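To keep things clear, I will list the structure first and then write my remarks on it.
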Amino acid sequence: GLNWKIWQHVAPMIVDGSLRTVMIECSTPNVDANQPLYGHLTPATLFQELLRLRDMVRSLNGSETLEGLEVLITHIKHENAMIPDPREVILGELTELKTLHNLEVNFTILLPGQTYTVS
């Protein structure tokens with residue numbers, strides 16, 4: 001809920017096509033609702049934010065699509081002892097939610113130490 005001011009700024013840029021990529025953190029796989037997140041996002045809470053953004057885009061252009069929006073996922077907490085790899089778990093959970101909510105975005109998990117170019 002705290003990102004709504006950012007989404008208000010971002011939504012018009014998505015509508016006019018000047019913004020096609022969003023970078024956002026999603027630090028852990030989905031956890032028990034009682035577990036504190038300290039402001040971090042999980043796939044479930046990230047989807048709440050993306051659905052809010054979709055609603056704002058819809059209010060501006062009458063369409064509910066975020067089709068083609070690239071969502072780059074950062075800040076995944078990775079502990080060596082964690083099996084399976086939390087990046088795979090998070091991507092799987094995001095893919096399930098994407099299908100469930102019919103949200104036409106593309107997710108990429110960013111890897112530490114890699115350089116990425118967006119256009």
Side-chain angles (χ1 to χ4, degrees):
L2 299 177
N3 292 318
W4 69 272
K5 283 188 177 185
I6 295 169
W7 299 143
Q8 283 183 317
H9 183 72
V10 165
M13 293 187 291
I14 291 173
V15 170
D16 72 17
S18 63
L19 184 97
R20 297 186 310 258
T21 304
V22 175
M23 184 182 301
I24 193 164
E25 72 95 33
C26 184
S27 61
T28 60
N30 287 324
V31 293
D32 181 284
N34 295 326
Q35 186 172 341
L37 296 174
Y38 304 106
H40 293 290
L41 297 174
T42 65
T45 56
L46 173 56
F47 253 83
Q48 291 172 355
E49 294 295 332
L50 290 174
L51 294 174
R52 183 172 291 112
L53 175 59
R54 181 178 72 179
D55 290 345
M56 288 182 181
V57 167
R58 180 184 344 166
S59 73
L60 293 173
N61 74 353
S63 170
E64 38 180 276
T65 186
L66 294 178
E67 184 175 354
L69 181 68
E70 299 291 332
V71 181
L72 308 180
I73 306 298
T74 67
H75 194 69
I76 294 177
K77 294 182 182 181
H78 184 69
E79 297 176 16
N80 292 335
M82 289 186 72
I83 302 211
D85 186 329
R87 294 172 294 205
E88 292 176 16
V89 174
I90 288 171
L91 186 57
E93 291 174 348
L94 288 170
T95 301
E96 286 177 21
L97 288 164
K98 175 180 164 174
T99 301
L100 177 67
H101 294 285
N102 194 28
L103 197 65
E104 297 176 341
V105 298
N106 303 310
F107 292 108
T108 300
I109 304 289
L110 300 183
L111 301 173
Q114 298 295 312
T115 301
Y116 296 86
T117 304
V118 295
S119 55

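The model shown is predicted, which means the values in this text are computed figures rather than measured ones. All values below come from the heavy atoms of this structure, side chains included, with hydrogens, waters and symmetry mates left out.
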For a 4.5 angstrom cut-off between non-hydrogen side-chain atoms, does His101 reach Leu51?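 In contact.
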How many angstroms lie between [atom1] in [X] and [atom2] in [Y], if you round to the nearest 0.5 Å?
{"X": "Gln8", "Y": "Leu53", "atom1": "CD", "atom2": "CG", "value": "11.0 Å"}
{"X": "Leu110", "Y": "Ile73", "atom1": "CG", "atom2": "CD1", "value": "8.0 Å"}
{"X": "Leu111", "Y": "Thr74", "atom1": "CG", "atom2": "OG1", "value": "12.0 Å"}
{"X": "Ile14", "Y": "Leu69", "atom1": "CD1", "atom2": "CG", "value": "5.0 Å"}
{"X": "Leu50", "Y": "Lys98", "atom1": "CG", "atom2": "NZ", "value": "11.0 Å"}
{"X": "His75", "Y": "Ser27", "atom1": "NE2", "atom2": "OG", "value": "5.5 Å"}

Donor-acceptor contact below 3.5 Å, side chain Glu25 vs main chain Leu41: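 Yes: the side chain of Glu25 pairs with the backbone of Leu41.
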Over all atoms of both residues, closest heavy-atom pair of Pro29 and Val89: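 Closest heavy-atom pair between Pro29 and Val89: CB-CG1, 3.6 Å.
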Compare every heavy atom of Arg54 with every heavy atom of Asn102, then report the nearest pair and how far apart it is.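 Nearest pair, atom of Asn102 first, then Arg54: O-NH1, 4.0 Å.
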Show your reasoning for whether side-chain contact (heavy atoms from CB on, under 4.5 Å) applies to Thr28 and His40. CA-CA 8 Å; Thr28 60; His40 293 290; 5.9 Å; no
In terms of side-chain geometry, is the basic nitrogen of Asp55 or Arg58 positioned less than 4.0 Å from the acidic oxygen of its partner?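 Yes.
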Hey, what's the ring geometry for Phe47 with Phe107, parallel, tilted or perpendicular (30° and 60° as the breaks)?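 Geometry flag for Phe107 against Phe47: tilted rings.
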Determine whether Glu70 and Val118 satisfy the following criterion, side-chain contact (heavy atoms from CB on, under 4.5 Å), listing intermediate values before the conclusion. CA-CA 9 Å; Glu70 299 291 332; Val118 295; over 6 Å; no
Please say whether more than 12 non-hydrogen atoms of neighbouring residues, nucleotides or ligands are located less than 6.0 Å from CE in Met13.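 Yes, the 6.0 Å shell around CE holds more than 12 heavy atoms from other groups.
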